[in-house]
Number of protein chains: 2
Amino acid sequence: MIQLLTDSILQHVALTEEEIARIPAYFETVKTHRGQFLLREGEICRYEFFVLKGCCRQYETDDAGKENVFQFSVEGWWMTDLDSMLHERPSVFNIDVLEAGEILQITKAQLHLLFQDIPAVERYYHIITQRSGAALQRRILFLQKPAIERYREFVTRYPFLETRLPQHQVAAYLGITKESLSRLRHKIARS
Amino acid sequence: MIQLLTDSILQHVALTEEEIARIPAYFETVKTHRGQFLLREGEICRYEFFVLKGCCRQYETDDAGKENVFQFSVEGWWMTDLDSMLHERPSVFNIDVLEAGEILQITKAQLHLLFQDIPAVERYYHIITQRSGAALQRRILFLQKPAIERYREFVTRYPFLETRLPQHQVAAYLGITKESLSRLRHKIARS
DNA sequence: CGGATGTGTTGTCATATCTCAATATTTGAA
DNA sequence: TTCAAATATTGAGATATGACAACACATCCG
């Protein structure tokens with residue numbers, strides 16, 4: 001199943017068969033179960049996660065206890081708290097498992113060993129970092145739009161998430177309550 | 001004045017005097033005047049910008065004509081449309097000059113020549129990219145908070161911008177109208 | 001099977017923020 | 001200095017969304 005990762009790498013850089021074979025050793029494989037936490041608020045995020053199977057969610061809990069979803073991750077997606085990793089500061093995020101499955105995790109130290117071993121992977125990593133930056137940028141624009149447009153854009157961009165996730169999780173990603181989302185959907189269905 | 005850039009680089013990586021001397025040639029210096037556009041919506045963003053002096057603003061205009069500010073940049077800050085640069089797709093952003101001054105600009109091609117010439121600059125660039133990713137991440141969390149907290153956080157994090165910018169620009173960054181910001185400020189002042 | 005838990009809908013009312021309009025204040029350039 | 005443009009404030013009413021509560025299903029698991 002780790003092939004999902006090597007495929008992802010090969011989409012961006014070229015590797016020899018021997019290099020491909022050396023990659024898995026740098027990662028830890030973790031079977032995940034629903035409700036499991038990969039990161040808890042207050043901890044320093046030590047890993048980059050790569051989802052092999054299942055669905056994870058990165059969210060923060062605000063003062064009123066409301067959960068704001070930052071990102072979902074499904075098969076083939078990376079997920080981490082960049083700010084916590086980079087500055088080694090306690091994370092504001094929780095990362096938990098919505099759908100059981102399997103993930104890969106790698107520490108910063110291992111990642112750098114991997115870069116030394118296989119420089120092409122460093123190029124891959126930087127490409128991924130840039131793409132994730134572009135995605136964050138889109139998310140910022142997204143959050144400035146009215147709720148109904150956010151919902152439409154979400155459905156268009158991530159149809160597979162829309163059907164896979166419970167509505168209240170989608171609402172928490174859109175930045176609205178589940179009740180408001182229910183009413184938005186109703187309104188759209190009518191028209 | 002280009003020393004602002006080399007200082008920024010030297011904060012993160014080590015360079016020899018000769019290397020420092022080779023850097024300016026890769027950049028174009030542009031004197032900016034108020035109202036000038038560095039990037040217009042619909043164009044493909046070809047440059048990374050580095051502000052030497054003055055203040056720039058990156059914003060998008062929504063369907064209703066409202067301007068949403070994505071980012072301000074002052075002395076020593078980088079600014080670009082990552083998504084447009086990376087995917088070579090038309091930008092949704094405008095970048096214009098609020099305060100006259102001077103900027104450096106560099107194309108992707110020149111940047112890669114610079115990386116080949118001075119590999120340490122590539123490391124600097126990746127550090128900057130990561131930090132900017134962390135900043136984008138914070139901005140996403142920021143946008144999910146209520147307006148009054150967004151304003152407080154803005155003032156705390158960027159006190160020098162709060163005083164330097166007209167209020168309606170700050171409002172457009174916070175994602176509220178200038179009237180709402182005026183009222184928020186009034187409310188805070190009273191308490 | 002049956003209850004606990006998770007999920008989704010609907011009603012009512014509260015609240016934050018917006019829109020539009022009028023007016024005040026500051027700033028910059030001729 | 002003086003006028004025009006830019007900026008900021010205030011009021012009144014509209015609108016989007018939230019908060020809370022009740023209820024309806026579905027689903028999972030003992």
Side-chain angles (χ1 to χ4, degrees), chain A residues 33-36 54-57 59 61-69 72 96-101 142-155 161-191, chain B residues 32-36 54-55 57 59 61-69 72 96-101 142-155 161-191:
Chain A
H33 59 268
R34 186 183 155 87
Q36 177 178 354
C55 178
C56 301
R57 142 226 207 211
Y59 67 97
T61 305
D62 67 21
D63 302 339
K66 197 184 70 182
E67 295 176 353
N68 297 309
V69 173
F72 298 111
D96 69 358
V97 177
L98 293 181
E99 254 180 49
F142 174 88
L143 284 170
Q144 309 230 15
K145 295 181 182 160
I148 192 159
E149 287 181 42
R150 296 205 294 278
Y151 177 64
R152 282 190 216 262
E153 187 170 326
F154 177 78
V155 172
L161 286 182
E162 155 71 5
T163 50
R164 191 167 172 179
L165 294 166
Q167 262 185 53
H168 66 276
Q169 297 293 355
V170 174
Y173 177 85
L174 299 179
I176 57 178
T177 59
K178 59 187 181 356
E179 293 93 338
S180 290
L181 178 55
S182 176
R183 290 185 174 110
L184 279 183
R185 285 165 53 89
H186 184 78
K187 194 166 152 188
I188 289 171
R190 262 186 342 203
S191 64
Chain B
T32 57
H33 59 266
R34 184 183 157 87
Q36 176 178 354
C55 178
R57 143 227 207 211
Y59 67 97
T61 305
D62 67 20
D63 302 339
K66 198 184 70 181
E67 295 176 352
N68 298 310
V69 173
F72 298 112
D96 70 357
V97 177
L98 293 180
E99 256 180 47
F142 174 90
L143 285 170
Q144 309 231 16
K145 295 181 182 160
I148 194 159
E149 287 180 42
R150 296 205 294 277
Y151 177 64
R152 289 209 160 107
E153 186 170 327
F154 177 78
V155 172
L161 285 182
E162 155 71 7
T163 51
R164 191 167 171 178
L165 293 166
Q167 263 185 51
H168 64 277
Q169 298 293 355
V170 175
Y173 177 84
L174 299 179
I176 56 179
T177 59
K178 59 191 183 349
E179 293 93 339
S180 291
L181 177 56
S182 177
R183 291 183 175 110
L184 280 182
R185 284 165 54 88
H186 184 78
K187 195 166 153 188
I188 289 172
R190 262 186 343 203
S191 63

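Each chain gets a letter, A, B and so on, in the order its sequence line appears, and its residues count up from 1. Small disclaimer: the values here were computed from a predicted structure and weren't measured.
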Each nucleotide in nucleotides 24-30 of chain C should get exactly one letter: B, S or -. Can you fill that in based on protein heavy atoms under 4.0 Å? -------
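Of all nucleotides listed (C:dT19, C:dG6, D:dT7), C:dT19 comes nearest to the side chain of B:T177.
Rounded to whole angstrom, the span from the CG atom of A:L181 across to the C1' atom of D:dA19 amounts to 16 Å. To the nearest angstrom, C1' of D:dA6 lies 8 Å from CZ of B:R34. Here C:dC18 presents its C1' atom at 13 Å from CG of B:L184, a figure rounded to the nearest Å. If you take CD of A:Q167 and P of D:dC25, they are 16 Å apart, rounded to a whole angstrom. One can place CD1 of B:I176 at 11 Å from C1' of C:dA16, the figure rounded to the nearest angstrom. Between the CZ atom of B:R190 and the P atom of D:dT9 there is a distance of 14 Å, rounded to whole Å. Counting to the nearest Å, the P atom of C:dT17 and the OH atom of B:Y151 are 14 Å from each other. B:K66 has its NZ atom 15 Å from the C1' atom of C:dC20, to the nearest Å.
For A:E149, there are no salt bridge (charged side-chain N to carboxylate O under 4.0 Å, His left out) partners two or more places apart in sequence or in a different chain. With sequence neighbours excluded, the residues forming a side chain to side chain contact (heavy atoms under 4.5 Å, CB included) with B:R185 are B:Y151, B:E162, B:Q167, B:L181, listed by chain and number. A search for salt bridge (charged side-chain N to carboxylate O under 4.0 Å, His left out) contacts involving A:K66 returns nothing, not counting sequence neighbours.
In terms of heavy atoms, B:F142 sits closest to B:F154 at CE1-N, 4.1 Å. Across all non-hydrogen atoms, the minimal contact from B:G175 to B:R150 is O-NH2, 3.8 Å. The shortest heavy-atom contact between A:Q144 and B:A172 is OE1-O, 4.4 Å.
Looking only at side-chain heavy atoms (C-beta outward), A:I176 and A:L184 come within less than 4.5 Å of each other.
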Between the protein and nucleotides 10-16 of chain D, are there any N/O to N/O pairs under 3.5 Å, and if so, what are the atom names and distances?
unit_1 : atom_1 : unit_2 : atom_2 : d
D:dG11 : N7     : B:R183 : NH2    : 2.4
D:dG11 : O6     : B:R183 : NH2    : 2.9
D:dA12 : N6     : B:R183 : NH2    : 3.4

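B:I148 contributes atom CD1, which lies 11.0 Å from atom CG of B:L174 (distance to the nearest 0.5 angstrom).
Put simply, B:H168 has a side-chain N or O that comes within less than 4.0 Å of OP1 or OP2 on D:dA8.
Exactly one of B:Q169, B:H168, B:R57 qualifies for a side chain to side chain donor-acceptor pair (under 3.5 Å) with B:E67. That residue is B:R57.
At its two ends the helix from C:dC1-D:dG30 to C:dA30-D:dT1 runs along axes set 40° apart, each axis drawn from five pairs and the angle rounded to 10°.
Looking at A:R34, its side chain does come within 3.5 Å of a backbone N or O of A:L98 through a donor-acceptor pair.
Within the nucleic acid shown, B:G175 comes within 4.0 Å of sugar-phosphate atoms alone, with no base atom in reach, counting heavy atoms only.
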Evaluate side-chain contact (heavy atoms from CB on, under 4.5 Å) for A:E99 paired with A:L165, printing each intermediate quantity in order. CA-CA 9 Å; A:E99 254 180 49; A:L165 294 166; over 6 Å; no
